[in-house]
Amino acid sequence: MTSRSDFAGGNQTYLRDVQYGDGAKLDVRTALHQRFSSAMVAFPDFAASLIDWTDDTRALDCGTGTGRFWDNRYVHKASSLTLTDLSPGMVQEAVSRARRNGFEHVTGRECDVQHLPYDDDSFDVVIANHMLYHVPDPDRAVVELARVLRPEGTLVAATNGYGHMGAMNDAIAEVFGSHAEALYEVFGIDTGEARLREQFTRVAWHAYDNDLFVSDPQAAVAYGLSFPPGETATDAQAVEFAAAIRSRFVDGQMRIRTRTGAFVCQAKRHP
Ligand SMILES: C[S@@+](CC[C@H](N)C(=O)[O-])C[C@H]1O[C@@H](n2cnc3c(N)ncnc32)[C@H](O)[C@@H]1O
């Protein structure tokens with residue numbers, strides 16, 4: 001494979017300390033989805049609804065970020081949650097949030113999904129949402145996710161595919177010449193499935209249909225400047241990018257198609 005960009009798993013120090021040192025940049029992107037989504041169901045509820053939860057599920061969340069997944073109405077509050085991330089700042093935010101949401105048994109740990117510090121078969125449910133495209137060796141990560149999952153357990157791995165945030169990526173490409181689609185070469189809808197099938201005999205894709213109808217240009221600009229290449233924009237590029245976003249507004253809104261969803265993986269090949 002050609003060398004990876006910092007954002008697409010090429011630089012873990014950048015991911016841990018700059019992009020995801022805390023939740024600020026991710027929150028900007030999440031806010032755009034939350035404010036302007038046309039989906040009837042929020043993403044955490046969609047993804048959680050794919051899993052059979054019991055009263056005392058032992059769940060591991062890898063690359064938990066700000067812990068947004070646990071803002072769902074499906075998981076019993078007595079479940080035991082292990083929230084992990086490469087970034088200690090994210091672990092802290094996720095643990096606080098889950099506790100605020102009423103979860104009674106929450107543990108946080110800073111760790112790399114490629115080297116999970118847990119015994120084989122330790123968890124009933126493992127979550128790796130929107131994070132495998134940041135990992136240097138996604139196959140190694142999938143081996144680890146399968147290893148710590150008990151044989152009857154379920155792995156949910158959310159990701160995006162080519163065309164996700166299309167109008168946004170077009171505006172980014174217009175000003176900066178490149179955009180974030182390299183992520184999907186690492187682990188996207190098309191590329192991720194083959195990686196998962198190496199470890200699981202049952203892999204099902206569940207699409208989350210959701211166009212964004214953005215009515216606040218500033219929110220779209222902030223999104224585009226929250227990750228590379230826009231993250232290091234000069235003042236002149238930021239002005240140019242704002243104009244590129246505004247030019248995509250029609251009748252007071254910018255329609256952004258998304259291409260996202262989650263893989264549900266069961267039946268490990270090497271139990
Ligand atoms: C796009 S965020 C997704 C957060 C959360 N899962 C969600 O869906 O909202 C990606 C997260 O993965 C984490 N991450 C990146 N590489 C990782 C690795 N090798 N191991 C564990 N976490 C990693 C980042 O620090 C970041 O918090």
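When a ligand or atom number is given, it counts from 1 through the structure's own listing order.
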Ligand-side contact atoms (ligand 1) for residue partner [X], heavy atom cut-off under 4.0 Å:
{"X": "Q12", "result": "19 (N)"}
{"X": "G65", "result": "4 (C), 27 (O)"}
{"X": "D112", "result": "18 (C), 19 (N), 20 (N)"}
{"X": "M90", "result": "27 (O)"}

Checklist line | Partner residues of F46 under the ring pair (Phe, Tyr, Trp, His ring centres under 6.0 Å) criterion, sequence neighbours left out | finding: F43, Y208

Does any N/O atom on [X] come nearer than 3.5 Å to any N/O atom on ligand 1?
{"X": "Y20", "result": "no"}
{"X": "L86", "result": "yes"}
{"X": "V113", "result": "yes"}

Margin query: Could you check whether R195 pairs with D137 (Lys NZ or Arg NE/NH1/NH2 to Asp/Glu carboxylate O, under 4.0 Å)?
Written below: no

Notebook entry, point to check: Quick one: do R97 and E93 make a salt bridge, cutoff under 4.0 Å?
Noted result: no

Note to self: Regarding atom 5 (C) of ligand 1: of the candidates G63, P138, A157, which has the closest heavy atom?
What the structure shows: G63

Item checked: Pick from T66, D85, L83: the one approaching atom 27 (O) of ligand 1 most closely through a non-hydrogen atom -> D85

Notebook entry, point to check: Y118 ring centre to R109 NZ or CZ under 6.0 Å, with the angle to the axis within 45°?
Noted result: yes

Note to self: Please tell me whether F7 and F227 form a close aromatic pair, meaning their ring centres lie under 6.0 Å apart.
What the structure shows: yes

